[in-house]
Q: 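Sending over a structure as C-alpha cells; questions will come in a sec.
Along the sequence shown, residues carry numbers from 1. Quantities reported herein were computed from a predicted structural model and do not represent experimental measurements.
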Amino acid sequence: MLGVVLIVAACIRLHDLGVPELQWDEHLALHRASLPVAEMLKSLNGQAASDVALDTSPPLHHLLIHCFRLLKDDDFTVRLPFVLFGLASLAMLFLVARRFFDEQAALCSALYGALLQFHVAYSRYMRWYVVFYTFSLLSLYCYKRLLDDRTWRSALGYGLATTLMLYSSYIAAPFVLAQALFTCCLCLPAVWRAADRPAALRLALVHGLGLCLAGLLYLPQVPGQFVAFHTFYQGGGHAFDPYRLGKAFREITLYFRDSDFTGTGIVALFMLLGAVWSLRNRRGRDLALLVLWCGLPTLAAFAVNVQTQVTAKYLVGLFFAVLLFAGAGSAALARWLLGRRLAPGSGRHAAACLALGFAGILWISGPNFQYEALYRGWHHNVQRWARYLLLHKEDVGYVMFEYNRPKKVVLTRELRDAYRYFGDVDARGYRKFYYVTQQGGFEPAGLVRVMDMPQEDETVLFSRGGVVSQAPLVVSPGPGGAPVYTDDFTTLRFYETVWQAHNVAPDYRLHALSLYSLDAPGQATWKLVAAPGATCRSVAVRFDAVMRAKIRVMRPEARLRLYAGQDPDRLALVEDIDYDRFVAADPGYGQAGATGESTLPVAANLAWADPGKPLYVRLEFLTGRYSAYIDLERLRFEAAGEPGDAAARTPLAVLDNIAANAALAPWTPDVAPLGPDVLHAFCAADARCPGRSGAAAWQPAADLARFRAAHPGLPPVAVVGGADGEPVFYLYDPRLADSTVALPDGRGEKVAVDAELPWTVRGLSFTGGVSRPVLRLGRESLPIPLAVPEGSLVTLNLGGEGLVSLSPLFTPEGFDLYNMVRRDNLNILRKSLTCLKDRPCLAEYVFASEIPIKGVRAMIHPVLQTDKPNYARVFYGVNDIDARKVFLDFSERGPLDVSSTYEGVVREVLFDKPVNILFVGCELSGPGASIRSDPKYPMRIEVLLDASALPAVSLGATPTTLRQDSQVGGAMRLWLSGEPLPVREAWATR
C-alpha cells in the first residue's frame, strides 16, 4: 500500500514538472549550484559576495542541483531531485508514524502528505524544503530508535541522520534542541532515584555520542552558520501571533484556498483524535516527544527574527504535527466506526480499517484535489521577456540591464546563447543592444523605446540602443589640469572609451561602475594616447570608492586596486583600497554592528614618463568572503602637459578611432541598408570640420539636415565634441529604431548591403496582411508558401525551422474579428473574449502552409464561473475545419470561481506527421466562461514549421531592389538576417 501511495504521489508531482517557469528563489539556488563545487562550497560557507549573496542555505540541496544539472540542464531535470526527495519524505513519514503509532496510521499519514497541495508544491520547488523534510524525519526516526535501543549502532545512525538534517537547512537547530531537551527530561528522575541512573547514564552517553558525531561532521559548515546568523538574524523576535499560526495551519491544509478557514476545523479534530488515541494506548511518552519535537521549532520561528514574516513554509514542526496526528486520527476514527463488527486482528478488520482511514483522509483532503494551479505556475514573466527578445532579434546582438543583479541571473538562463552581454569588452566595435528595465527605472539618453510590457507586478520596458567604441582615449591637456574624461555612469560613456574590460559594467540603478557578476574578479583598462601635437606629463585620477552590503561583525575582504603604466603587461600598483581604508576615513563603519555602505574619495597622480607612448590605467575589483563588494562612482581623469594645437585635431583623432573600430559609410537617401551594421558620420557645422582624416570620411551639415528629416526623432549613436564641449561630429545608425523594411505589395524598395558580396540571407521575419508572399531580391526570388492570420509574426530560418506567433487581443480597440476563418456568438467584455448569448461560442483561425507544420502550442488566461460546468477549450483540426481535437481543456469545479489569469495555461502538440492546413480555435461554454487577452495577459497561438526545404537566397549586387508580391495585396514589414535566428530557443521558451 505504501508503494501505491508513492506511485500516486509521483504522478501528481511529476506532471508538467518543467512547465511552470522558475521562480526567483529557484534561480538563486540554480545560479549558486552552477558554480564549480569548490567555489560553491566556499561561497555558501563564507557568504562570498555572489550574485545570490543572500542565499544562505547549507550546501546539500545545491549539490543535488549541481549533480542533476550535469545530466541535463533543463527545468524538469533540475527540479527532479526535489520530487524524489518529496517521495522520500513520504516514505520517512510512514516509518516515523509506524514507530510512534501503527502501520494503519502510518499509511494514512503518508497518503495525507501525498495529497496535500502544500507538500506537492514544495516537492516541485527547487529549494531545500523537501530535502529537510526527509532528513529531519530520518533524524527523528533514528532518535526514536536510540531511545528504544540505546546502542552504539543506533547512536551512529542518529549522528549521521542529524548531520544530513543540519546540512539541509539552518532551521535544523531547534529540532536538535528538542531532542536534547527530551533526553534531559528522561534523565531528570535519575537525580533523585538511584535505580534510574544506569539507564539514564547510558541514554545520555549514547545520545551525546550521536550529537558529537553530528557536530564533528558539521564543523566545516559552522562558519557558514555564523555568517548566516550575522547576515539575517537580528535581536528580538516576532511576537507570538495565534492568527498567523492559524493562517499557516490553513495554508498547510488548504493551500490555494485563501478565502476562509472552512475545513481546517475538521483537520484539527482529526489531530485531536490522534493525540487521544496515543494517550489511550499508553503512548504518553511518544506523544510528549512528538509535541515537543513539533512544537519547539514552531515557537522558535517566532522567537528568532530573520527579517521576514513567519509563514507556513518556515513552520515545519507544525506541518509535521498536521501530517502525523491527522493520519493517526483518521485511523483511530476508522477503528471507532468499525467497532467490533469484524474480529479485531483479522485481515478483514485490518483492510476495513485501512479503507475507512483512507476515506477519512480523502475527505479532509478534498480542497486539495485541484492541482491545476500548481502545474500552471505563478507568472510567466521572465519567459515573456525572453520570448520578446528571441522573436525580435533584429540586428541586435547584445542585452544590457539597468542593474546587473538580479535580472541578469534570471534572463541569461532563458536566453541561453542567443544574445551576448556587456560583462566583457574583448573587441572594440559597434554593438547594438536591447536595454531592459522596469517602469520608473533609469534609462540612459540616446535609446529608443520599442516595447512596454505590462505584467502582474511590474511593467518591463525594452529599448534599443547602440554604442561604438572611441578607444583609445585621446587626451589633450587643458589649462589648469582640465578634465579630459569624466563619467558618472549615467551614460554609455564607459563603453565608448574603455579599452578592455572583464566582468565590469555600469550599474545604472546605482550610477556606479560595478562588478558585472560578483562571483569572479573584474577589471577595466583605459588606454590613453596624447592628441596630435599634445605632450602629456601626468594624469590625475579621481573617483569615489563605495563599499556596499557589509554584514554585521564580519570583516569584508573586498578590494579595489588602481594600476598604471606604459607597458600593459607590467602595470604598477598605485592604490590598494580595502576595508581598513574605509574604516580609517569613517571609524563608525568599523564598529562590530555596522552594516550598509561607506564612501571613500580617492585621488592619485600618475606620471606619464614617455609622452610618445600610451598610458594605461587599470581598475581591478576583487570580492572575497562576507558579502561586501566595492563599486566606483564619479570617475575623472585630468591631464597635465602642453596642449599645442591639439584642440582642433582631437575630434579628428577620435573619429579616426571610431573608423578603426566600426564600419563608416556614406548615407544615400531613399536606400534602405541591409546586412552588417554601418554608421554614417555627419559634420555638425561645416566650419568645425576643416578637412578629411584618413578613412573617417563624413558628410556635410546639409546632408545631416536631410538625414534628420528622413529619420525624425532618431538619436545619434555617438557625438564627438570639441575642446569647447560643442558637437563636431554626429554618428547615426538609421536602423537603430527599426531594422525592418516596409514593403507595399508590388512596389520595389531600393536596398544596399555594405558587406562582401554575395550576401546570403539565412533568416527572415515579417509581419503584415500578406498571404503566400514572393520575395524578389534583385534577380533572385523566394516564394514563401504560407498563409497566416493577420497580426501574426512569422520567423523563418531558411533551410531550418520556422515559427508563427499570433497574440490576438480581446480589447475593444485591439480585437480583429476578420482574421478568423470562423466565429460564432462572440462578445468582448472586460478585456476578455466571452459568449454573447447563453450558448457556446467559438473563434477559429487557419494556418495554411506548403511549409510542413510540425506542432502547435497555445497559452490562454481563462476565467470560469463554477455555478455550472463551464469550460474553456482550445482545439485544432487538420485539413478539416470540423475535425476538432481538444488539447487544452480548462474546466475546474469548486465552490469558488476559478481563474488562471495570473498564471496562464499552456499546452502543446507535436504532430507525428507534418500537416499543411491547420485550424486552431477556442471554444467557451457560455457567458460564464471567458478568455482574457490584453497586453498584460496575452493569449498566444504558436505554430512550429519545418522550413528546411526553403533555399537561402543571396544578394549579388548592391544597391538593388527588394519587393514582395502577395495573393491578398497587403503590405509587410520584412527583416533579413545573414545568420540563423533563435527559432528553436523561442519554441523552447514556453
Q: Report the relative orientation of the aromatic rings in Tyr589 and Tyr579; use parallel for angles under 30°, tilted for 30 to 60°, perpendicular for over 60°.
A: tilted

Q: I need the Trp759 CH2 to Leu674 CG distance, nearest 0.5 Å.
A: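 Between atom CH2 of Trp759 and atom CG of Leu674 there are 5.5 Å.
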
Q: Is it true that Asp544 and Arg636 make a salt bridge, defined as a side-chain N closer than 4.0 Å to a carboxylate O?
A: no

Q: Mind checking whether Tyr421 and Thr412 have side chains closer than 4.5 Å, heavy atoms only?
A: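 A side-chain contact under 4.5 Å exists here.
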
Q: Is it possible for you to check whether Lys393 lies under 6.0 Å from the centre of the six-membered ring of Tyr419, through NZ or CZ, and within 45° of that ring's axis?
A: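 Yes - Lys393 lies over the ring of Tyr419, closer than 6.0 Å to its centre and within 45° of its axis.
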
Q: So that I can tick it off, tell me whether Arg537 and Glu642 are bridged by a salt bridge, with the cut-off set at under 4.0 angstrom between side-chain N and carboxylate O.
A: yes

Q: Work out which heavy atom in Ala531 is nearest to a heavy atom in Thr650; give both atom names and the distance.
A: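 Scanning both residues, the minimum pair turns out to be CB-OG1, 3.4 Å.
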
Q: Find the distance between CG (Asp580) and CD1 (Ile577) and round it off to the nearest 0.5 Å.
A: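 Interatomic distance, Asp580 CG to Ile577 CD1, rounded to 0.5 Å: 12.5 Å.
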
Q: Could you walk me through whether Glu633 and Asp488 satisfy the side-chain contact (heavy atoms from CB on, under 4.5 Å) test, starting with their C-alpha distance in whole Å, then the side-chain angles of each, then the deciding distance to 0.1 Å, before giving a yes or no?
A: CA-CA 6 Å; Glu633 295 180 351; Asp488 61 359; over 6 Å; no

Q: For Ala684 versus Pro727, what's the shortest heavy-atom pair and its separation?
A: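 Closest approach of Ala684 to Pro727, heavy atoms only: CB-O, 3.5 Å.
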
Q: Are the side chains of Glu620 and Leu560 in contact, using a 4.5 Å heavy-atom criterion?
A: no

Q: May I ask you to decide if Thr497's main-chain N or O and Gln470's side chain share a donor-acceptor pair within less than 3.5 Å?
A: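 It does not hold such a pair.
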
Q: Are the aromatic ring centres of His502 and Tyr516 under 6.0 angstrom apart?
A: no

Q: With rounding to the nearest 0.5 angstrom, report the CH2 to SG distance, Trp608 to Cys536.
A: 4.0 Å

Q: For the residue pair Arg618 and Thr525, confirm or rule out a side-chain donor-acceptor distance under 3.5 Å.
A: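 A donor-acceptor contact under 3.5 Å links the two side chains.
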
Q: With no hydrogens and no angle check, just 3.5 Å: does a side-chain donor-acceptor pair link Arg431 and Tyr398?
A: no

Q: Take atom CG of Asp610 as the centre, draw a 6.0 Å sphere, and report whether it contains more than 12 heavy atoms from other residues, nucleotides or ligands.
A: yes

Q: List the steps, then state whether side-chain contact (heavy atoms from CB on, under 4.5 Å) holds for Arg428 with Gln500.
A: CA-CA 8 Å; Arg428 286 156 294 283; Gln500 289 180 334; 4.1 Å; yes

Q: Taking C-beta and beyond as the side chain, do Leu30 and Arg413 meet within less than 4.5 Å on heavy atoms?
A: yes

Q: Please confirm whether the ring centroid of Phe433 lies under 6.0 Å from the ring centroid of Phe422.
A: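 Close enough - the centres of the two rings lie under 6.0 Å apart.
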
Q: Is a salt bridge present between Glu443 and Arg509, judged by a nitrogen-to-oxygen distance below 4.0 Å?
A: no

Q: So Lys550 and Glu557, salt bridge (Lys or Arg N to Asp or Glu O under 4.0 Å) or not? Walk me through it.
A: CA-CA 10 Å; Lys550 179 182 179 295; Glu557 296 181 345; over 6 Å; no

Q: Using a 3.5 Å distance criterion without hydrogens, assess whether the side chain of Gln699 forms a donor-acceptor pair with backbone atoms of Pro666.
A: no

Q: Could you tell me whether a side-chain N or O of Asp686 sits under 3.5 Å from a main-chain N or O of Ala701, the two making a donor and an acceptor?
A: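 Answer holds: yes.
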
Q: Side-chain contact, heavy-atom cut-off 4.5 Å: His392 with Tyr434?
A: yes

Q: Verify, without hydrogens or angle tests, whether Asn661 (side chain) and Ala471 (backbone) share a donor-acceptor contact under 3.5 angstrom.
A: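 Yes; at least one donor-acceptor contact below 3.5 Å.
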
Q: With a 4.0 Å cut-off on N to O distance, would you call Asp487 and Arg493 a salt bridge?
A: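 Looking at Asp487 and Arg493, the cut-off is not met.
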
Q: Report the C-alpha distance between Asp733 and His680 in whole Å, list the side-chain angles of each, state the deciding distance to 0.1 Å, and finish with yes or no for side chain to side chain donor-acceptor pair (under 3.5 Å).
A: CA-CA 7 Å; Asp733 175 3; His680 307 305; over 6 Å; no

Q: For the pair Arg542 and Glu638, find out whether any cationic side-chain nitrogen is under 4.0 Å from an anionic carboxylate oxygen.
A: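 Salt bridge flag = yes for Glu638 with Arg542.
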
Q: Which distance, rounded to the nearest 0.5 Å, do you find between the CE of Met547 and the CD1 of Ile630?
A: 4.0 Å

Q: Taking Gln566 for the side chain and Lys613 for the main chain, is one N or O donor matched with an acceptor at less than 3.5 Å?
A: yes

Q: Let me see the working for Met400 and Val436 under side-chain contact (heavy atoms from CB on, under 4.5 Å), right down to the final yes or no.
A: CA-CA 6 Å; Met400 183 185 294; Val436 182; over 6 Å; no

Q: Is Glu414 salt-bridged to Arg416, going by a charged N under 4.0 Å from an acidic O?
A: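 No.
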
Q: If every non-hydrogen atom of Ala534 is compared with every non-hydrogen atom of Val475, which pair is closest and at what distance?
A: CB-O, 4.3 Å

Q: Strictly distance-based, threshold 3.5 Å: is any side-chain N or O of Asp631 a donor or acceptor partner for the main-chain N or O of Ala512?
A: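 Answer holds: no.
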
Q: Hey, are the side chains of Leu447 and Arg464 touching, using non-hydrogen atoms and a 4.5 Å cut-off?
A: no

Q: Please answer whether the main-chain N or O of Tyr508 pairs with a side-chain N or O of His511 as donor and acceptor at a distance below 3.5 Å.
A: yes

Q: Quick check for you: to the nearest 0.5 Å, what is the distance between Arg625 atom CZ and Arg555 atom CZ?
A: 11.0 Å

Q: How close do Leu390 and Ala418 get, counting heavy atoms only, and between which atoms?
A: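 Nearest heavy atoms, Leu390 then Ala418: CD2-CB, 3.5 Å.
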
Q: Would Phe729 and Phe682 count as a close aromatic pair, with their ring centres under 6.0 Å?
A: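 No, ring centres 6.0 Å or more apart.
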
Q: Centre of Tyr730's six-membered ring, under 6.0 Å away, within 45 degrees of the axis: is that where NZ or CZ of Arg708 sits?
A: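 Output yes; distance and angle both within limits.
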
Q: For a side chain to side chain donor-acceptor pair (under 3.5 Å) check, start with the C-alpha distance between Asp395 and Ser739, then their side-chain angles and the critical distance, and finish with the verdict.
A: CA-CA 7 Å; Asp395 295 331; Ser739 297; 2.8 Å; yes

Q: Do Ser463 and Val448 make a side-chain contact, defined as non-hydrogen atoms from C-beta onward lying under 4.5 Å apart?
A: no

Q: Answer yes or no: is there a side-chain heavy-atom contact under 4.5 Å between Leu510 and Phe489?
A: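 No, every pair of side-chain atoms sits at 4.5 Å or beyond.
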
Q: So if I apply the ring pair (Phe, Tyr, Trp, His ring centres under 6.0 Å) rule between Phe462 and each of Phe401, Tyr388, Trp385, which one comes out positive?
A: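 The passing option is Tyr388.
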
Q: Is the closest side-chain heavy-atom distance between Asp586 and Phe582 below 4.5 Å?
A: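 SC-SC contact between Asp586 and Phe582 ruled out.
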
Q: Taking atom CZ of Phe226 as the centre, does the number of heavy atoms from other residues, nucleotides or ligands within less than 6.0 Å exceed 12?
A: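 Counting neighbours around CZ of Phe226, 12 or fewer heavy atoms of other residues, nucleotides or ligands fall under 6.0 Å, so no.
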
Q: In terms of side-chain geometry, is the basic nitrogen of Glu575 or Arg581 positioned less than 4.0 Å from the acidic oxygen of its partner?
A: yes

Q: Distance alone, cut at 3.5 Å: any donor-acceptor contact between the side chains of Asp452 and Thr459?
A: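 There is no such pair between these side chains.
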
Q: With the threshold set at 4.0 Å, does a side-chain nitrogen-carboxylate oxygen contact exist between Arg559 and Asp578?
A: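 Salt bridge between Arg559 and Asp578, a charged N being under 4.0 Å from a carboxylate O: yes.
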
Q: Could you tell me whether Arg735 and Asp738 have a side-chain N and a carboxylate O separated by less than 4.0 Å?
A: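 Not counted as a salt bridge, because no side-chain N and carboxylate O are separated by less than 4.0 Å.
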
Q: How far does OH of Tyr485 sit from CH2 of Trp526, to the nearest 0.5 angstrom?
A: 5.5 Å

Q: Could you give me the CA-CA distance, side-chain angles and deciding distance for Val468 and Leu679, then say whether side-chain contact (heavy atoms from CB on, under 4.5 Å) is met?
A: CA-CA 9 Å; Val468 60; Leu679 301 178; 3.9 Å; yes

